[in-house]
Number of protein chains: 2
Amino acid sequence: MDFKKAILEAVEPLFDRNGFMASGMDRLTDAAGVSSRTLYKHFGSKTGLMAAVLDERDRRFRSRLDVQTVDAFFAALEDWIRIEGARGCLFLRALGETGGDTPEIVAAVQTQKAFLRERIGDIVRVQLDEPREDLVDQLLVLFEGATAGAAYRGPEVASAAREAADILVSNARK
Amino acid sequence: MDFKKAILEAVEPLFDRNGFMASGMDRLTDAAGVSSRTLYKHFGSKTGLMAAVLDERDRRFRSRLDVQTVDAFFAALEDWIRIEGARGCLFLRALGETGGDTPEIVAAVQTQKAFLRERIGDIVRVQLDEPREDLVDQLLVLFEGATAGAAYRGPEVASAAREAADILVSNARK
DNA sequence: GCCAATGTAAAACGATCGTTTTACATGTCA
DNA sequence: TGACATGTAAAACGATCGTTTTACATTGGC
């Protein structure tokens, strides 16, 4: 169980750093310190490995962004970007590299993004005790923008997103 | 001159739809209706072709987003996404697929992103006749967020970005 | 003490990768 | 007319792709 997790931890940085398609199985097995036979027994295929990496990342993401206010959410995002690296959303990158044609990848992305929207919705509901779907949409855009923008402007973009979010929230409170 | 442009127009949808690494030269030459010999004479390598595609896209992008107000900017972005497809920023995707290790790609991305920030800066300066770098950062985040978010929520995210932008602008005006 | 499971190491599979080369057909300009 | 540039078609290059297979070592449970 944590044998599989160890493989995923070793492999994820390679995908993140070099891209999914550009990471060959040879280098993946080398990094994991595991024979290709074992890797295929546990994950079935390269696609299966990619999906497992995404699922594990989602798990980590959820625990790191388990906060109660909008401001804390974007503060946590900045920490996440600073720690996990600023190379763009790994889920959307996987989706783009596979053209949206791989069901396992599509499913992993949908799961993550559905959770993300729910979490933001929960926070907004607590903070404004109204639904305010429009605000949720706007905060989601800020989240994606910080994640993407960090790829070329660094983790500091997250604080721009945070400031914008604070303004939007206090404006919505009216 | 427009011979090269015709090739780029034929090839860009393949990169966009299937990813850069997943698009083999055989399928690219087929789509362009050109022999591989000719393609290599004009672009040198697959990397050169990718960079040329990005440069041409940047050219198209600049003319399409040549507007004077923040609201018009995000309206134009929504049109762009609706027409060019909602698969995430092609520049950042290229950067991610190549791991930031390909100078020609890095240069193309930097050029695009530098222009993007300047354009937003120009618009903000006209609309508020103050510099307001903080607002520029925030609008840049909204732009990237709409582009990325459209990949899984469709072009409508652009209008959420647009609403958020309007709020941030009128708030900045004080 | 042995069977079954689980691991490694390494070779091999056919397919496809990006790129170059060979051979040939055009049209243009001196 | 004849050389040159520019195009196509197609084969070939070695490398690498994702995956499977062969052969062997180690372990834990009945």
Side-chain angles (χ1 to χ4, degrees), chain A residues 1-55 93-106 108, chain B residues 1-55 93-106 108:
Chain A
M1 179 59 84
D2 57 8
F3 181 67
K4 291 182 72 169
K5 190 176 290 190
I7 294 177
L8 296 176
E9 272 178 33
V11 143
E12 184 182 326
L14 274 188
F15 282 146
D16 183 46
R17 160 90 230 175
N18 306 116
F20 290 93
M21 290 301 178
S23 303
M25 292 301 280
D26 278 11
R27 263 187 287 179
L28 294 171
T29 53
D30 279 1
V34 138
S35 73
S36 74
R37 198 169 199 267
T38 311
L39 203 147
Y40 274 93
K41 165 166 281 184
H42 284 303
F43 299 101
S45 63
K46 188 185 182 182
T47 297
L49 179 63
M50 289 170 53
V53 163
L54 293 180
D55 288 342
R93 287 171 62 197
L95 197 67
E97 292 208 39
T98 54
D101 295 326
T102 313
E104 306 165 71
I105 304 296
V106 172
Chain B
M1 179 61 83
D2 56 8
F3 180 68
K4 290 181 72 169
K5 190 177 289 189
I7 294 177
L8 295 177
E9 272 178 34
V11 143
E12 183 182 326
L14 274 188
F15 282 147
D16 183 45
R17 160 89 231 180
N18 305 115
F20 290 93
M21 290 301 178
S23 300
M25 291 302 280
D26 279 11
R27 263 187 286 178
L28 294 172
T29 53
D30 278 1
V34 137
S35 72
S36 75
R37 199 170 198 268
T38 310
L39 203 148
Y40 274 93
K41 165 165 280 183
H42 284 304
F43 300 101
S45 64
K46 188 184 183 182
T47 297
L49 180 62
M50 290 170 53
V53 164
L54 293 181
D55 288 342
R93 288 170 62 196
L95 197 66
E97 293 208 39
T98 55
D101 295 326
T102 313
E104 306 164 70
I105 304 296
V106 172

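Proteins get letters first, then strands, A, B, ... in listed order; numbering begins at 1 in each. Note: hydrogens, waters and symmetry copies are ignored here, and every other heavy atom, side chains too, is used. Computed from a prediction, not measured in an experiment: that's the story for all the values here.
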**Item:** First of Arg27(A) and Ser36(A) reached from the 5' end of DNA chain D, by closest nucleotide
**Value:** Arg27(A)
**Complete:** Closest non-hydrogen contact found for Arg27(A) with Ala22(A) is NH2-O, 3.5 Å
**Item:** Note, His42(B) side chain near Phe3(B) side chain (heavy atom, < 4.5 Å)
**Value:** yes
**Message:** Please list, in numerical order, the residues of residues 37-52 of chain B that have a heavy atom closer than 4.0 Å to any atom of DNA chain C.
**Reply:** Arg37(B), Tyr40(B), Ser45(B), Lys46(B)
**Asked** Ser23(B) near the nucleic acid: base, sugar-phosphate alone, or nothing, with a heavy-atom cut-off under 4.0 Å?
**Response** sugar-phosphate
**Request:** List the steps and the verdict of side-chain contact (heavy atoms from CB on, under 4.5 Å) for Arg93(B) and Leu54(B).
**Result:** CA-CA 11 Å; Arg93(B) 288 170 62 196; Leu54(B) 293 181; over 6 Å; no
**Prompt:** If we only count heavy atoms from C-beta on, is the Phe15(B) to Val53(B) side-chain gap below 4.5 Å?
**Reply:** yes
Considering only distance and modelled atom types, tabulate donor-acceptor pairs under 3.5 Å from the side chains of residues 6-13 of chain A, sequence neighbours left out.
unit_1: Glu12(A); atom_1: OE1; unit_2: Arg60(A); atom_2: NH1; d: 3.3
unit_1: Glu12(A); atom_1: OE1; unit_2: Arg60(A); atom_2: NH2; d: 3.4
unit_1: Glu12(A); atom_1: OE2; unit_2: Arg57(A); atom_2: NH1; d: 2.6
unit_1: Glu12(A); atom_1: OE2; unit_2: Arg60(A); atom_2: NH2; d: 2.8

**Request:** Determine, step by step, whether Lys4(A) and Phe43(A) satisfy the side-chain contact (heavy atoms from CB on, under 4.5 Å) criterion, reporting the C-alpha distance in whole Å, the side-chain angles of both residues, the deciding distance to 0.1 Å, and the verdict.
**Result:** CA-CA 9 Å; Lys4(A) 291 182 72 169; Phe43(A) 299 101; 3.7 Å; yes
**Request:** Verify, without hydrogens or angle tests, whether Glu104(A) (side chain) and Ala51(A) (backbone) share a donor-acceptor contact under 3.5 angstrom.
**Result:** no
**chain B contact limits on DNA chain C, taken 5' to 3' with a cut-off of 4.0 angstrom to heavy atoms** = dC17(C) to dT22(C)
**Prompt:** Would a 4.5 Å heavy-atom cut-off, applied to side chains only, mark Met25(A) and Leu28(A) as touching?
**Reply:** yes
